[in-house]
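Computed over heavy atoms, backbone and side chain alike; hydrogens, waters and symmetry mates excluded. Below, read A as the first sequence line, B as the second, and so on, with proteins coming before strands; counting in each chain starts at 1.
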Protein chains: 2
Amino acid sequence: MLTANTSTQARVSLAMPSPAGANWSRQPKLWSTMSDLCSLVGIAEAVVEDSFQFQHVQFKAGQRIHTIGQPFDMLYVVNSGFLKTVMIDELGNEQVLSFPMKGDIFGIDGIHGKQYCTETVALTNCDVILVPFKILTSLGRTHASLEAAFHAVMCRELVREQTMISTLGSLTSEARVARFLVYLSQRFAEMGYSGTQFNLRMTRAEIGSYLGLTLETVSRTFSAFNAIGVISVDQKAIQIHDLESLRTLRRLPPSRARVRAEARRASMDAMAA
Amino acid sequence: MLTANTSTQARVSLAMPSPAGANWSRQPKLWSTMSDLCSLVGIAEAVVEDSFQFQHVQFKAGQRIHTIGQPFDMLYVVNSGFLKTVMIDELGNEQVLSFPMKGDIFGIDGIHGKQYCTETVALTNCDVILVPFKILTSLGRTHASLEAAFHAVMCRELVREQTMISTLGSLTSEARVARFLVYLSQRFAEMGYSGTQFNLRMTRAEIGSYLGLTLETVSRTFSAFNAIGVISVDQKAIQIHDLESLRTLRRLPPSRARVRAEARRASMDAMAA
DNA sequence: CGCATCCTTGAGTGATTTCAAACATAGTGG
DNA sequence: CCACTATGTTTGAAATCACTCAAGGATGCG
């Protein structure tokens, strides 16, 4: 099912003007120009004289795009599909850092130190564009605007991580999960899908790792949101009923258990008086 | 006291070759060359024909170097002193993102979006070098190695934040505080100070914000480390006795209370058998 | 169909926070 | 010089949020 869904998505993205021409309806797109790349990544810039063609590569769900320690020479841009990038800590535990999807760049962490310090894995079938770093920098050398755009993208990534740090440092589990759903909703909407109804491509454990929670807490929080009618959950299928509540949520409204405890305390106060 | 300390530090850094010449013993250094900058930031690269002089600016403790929303045009490099950079969330709460010190760059988050999205404040008197972003990029345009070095620095920052995310997501409060101390120790040692005896320049609240903990938890954890002899704490004065323990610590050895609970459970088991 | 993986839910525990009070330090002005 | 204040630190006690452990249900795959 996920596979079918993904291939649909790939076909949609292929509606863009393509030099390949006639045979794209069945075959995945194999090459992109720099201006294709820029519009995909969301950069206003269109460098004119872009003769270089960037290669596309298809990955199946579960395949690794790059691993930790592998020599760095490529950046990657997601054209379709869903992935996760992870760090491995000294105990061998996986820490999910992001879920790259259409328009996202990954592999940036390899620039410093000449090798990747994360690995990224396809969660679904994917179409990924290879961007040789050498090519990018040499093009940047002749096109100042491209250089600036690249800086902006790196900076955007940096700010995203800062925001994540802030989230992990200050929000409750409910708020984190709520924000995660809002984020997914927005991304799906931007990709032209429904922002209120979608399938999660990652497991509860992966979400938990990403948000600094256990998989049980993630599951329970989904259930709680379901119980108060903000969303509907059925396994990986999510339906958002009240996006605004998710956006502003800081803590869950009192559960029945909590209300009962409050009432008990109140009655004890009354007895004391 | 802090002021005196800081000015000493400034003098040390001035041991580098300086065009200013004779009058540096009393006056802070006012200009740096690109090669000064590179060695300060820890980049092997020395661009030869660096005619441009980068201005130094002195800030007093408490002063703001840049604020959120302010138009971006500068990067900053710390020559001496200690600072904090913070984000403000939608409730107006401060989230500490880093504690820039000698050799650190800040202001990078302004590149994308043309304005800073963090603010940085001097915790002590500081000497900060202004790096106009325009100048940096135009120099990078003629010096490929400088360009590469700049990319490396941005990437290093990115990896640092990823590591922070991993820390916040997976470590206990004790492990976070321990790592923070190890980090400070290393930085102080790199700056030529004692790595085992130093004064904290930030409050418990700031440390807590940085580590995603409350100030009480930070204080208690310091006290606990003190109790088991790993460090000595007296207000802001820290002395590290067992760096290796801090480095490898994952959870605190059982407290007396915990030992008691264990013993209780064991005796109950014995009774049951 | 049976296995492997993922998800849900409950019960109990414990780590961290919250609330509160006392102590420490530095700066200020009488 | 000494209150006096403001800010920061320590510590205790109680509450609570999130985790751990455990079992059962759902789904997909060979």
Would you check, one step at a time, whether the test ring-ring contact (aromatic ring centres under 6.0 Å, His included) holds for B:F180 with B:Y210?
CA-CA 9 Å; B:F180 180 66; B:Y210 180 63; 5.7 Å; yes
Intermediate values then yes/no, side chain to side chain donor-acceptor pair (under 3.5 Å), B:T67 and B:Q70:
CA-CA 6 Å; B:T67 38; B:Q70 177 183 332; 3.2 Å; yes
Go through it in stages, so that I can follow the logic: the residues are A:F82 and A:F188, the test is ring-ring contact (aromatic ring centres under 6.0 Å, His included), and I'd like the CA-CA distance, side-chain angles, deciding distance and then a yes or no.
CA-CA 11 Å; A:F82 295 85; A:F188 276 105; 5.6 Å; yes
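The main-chain N or O of A:C117 is found under 3.5 Å from a side-chain atom of A:D109 such that the two form a donor-acceptor pair. Remark: the backbone N or O of B:A237 is not paired with any side-chain donor or acceptor of B:D234 at under 3.5 angstrom. Listed for the B:T221 side chain is a donor-acceptor partner under 3.5 Å among the backbone atoms of B:T217.
Electrostatic pairing of B:R187 and B:D104 counts as a salt bridge here, judged by a charged N lying under 4.0 Å from a carboxylate O. Look at B:K84 and B:E94 and you find a salt bridge, because one of the NZ, NE, NH1 or NH2 atoms lies within 4.0 Å of a carboxylate O, short of that distance.
Atom NZ of A:K60 is separated from atom P of D:dC29 by 14 Å (rounded to the nearest Å). Between the CG atom of B:L213 and the C1' atom of C:dT18 there is a distance of 14 Å, given to the nearest Å. Taking atom CG of residue A:N199 and atom P of nucleotide D:dG28, one finds them 10 Å apart after rounding to whole Å. Between the C1' atom of C:dA15 and the CG atom of B:L249 lies a distance of 15 Å, rounded to the nearest Å. Between B:L211 atom CG and C:dT17 atom C1' the separation is 15 Å, expressed in whole Å. Between the C1' atom of D:dT11 and the CG atom of B:N226 lies a distance of 14 Å, rounded to the nearest Å. For the pair B:R201 CZ and D:dT7 P, the computed distance is 22 Å after rounding to whole Å. If you measure from atom CG of B:L123 to atom P of D:dT7, you get 16 Å, rounded to the nearest angstrom.
Axis orientation changes by 30° from one end of the helix from C:dC1-D:dG30 to C:dG30-D:dC1 to the other, with each end axis drawn from 5 pairs and the value rounded to 10°.
B:G212 comes within 4.0 angstrom of sugar-phosphate atoms only, judged by non-hydrogen atoms across all strands, and of no base.
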Find every protein N or O atom lying less than 3.5 Å from an N or O atom of nucleotides 3-11 of chain C, and list the pairs.
| residue | atom | partner | partner atom | Å |
| --- | --- | --- | --- | --- |
| C:dC7 | OP1 | A:K236 | NZ | 3.0 |
| C:dC7 | OP2 | A:R204 | N | 2.8 |
| C:dT8 | OP1 | A:R204 | NH2 | 3.3 |
| C:dT8 | OP2 | A:R204 | NE | 2.8 |
| C:dT8 | OP2 | A:R204 | NH2 | 3.1 |
| C:dT8 | OP2 | A:S219 | OG | 2.9 |
| C:dT8 | O5' | A:S219 | OG | 3.4 |
| C:dT9 | OP2 | A:S223 | OG | 2.6 |
| C:dG10 | N7 | A:R220 | NH1 | 2.8 |
| C:dG10 | O6 | A:R220 | NH2 | 3.0 |
| C:dA11 | N6 | A:R220 | NH2 | 3.4 |

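Using a 4.0 Å cut-off, no side-chain N or O of A:S173 falls inside it from OP1 or OP2 of D:dC17.
Relative ring orientation between A:Y116 and A:Y76 is described as tilted, the plane-to-plane angle lying within the 30° to 60° band.
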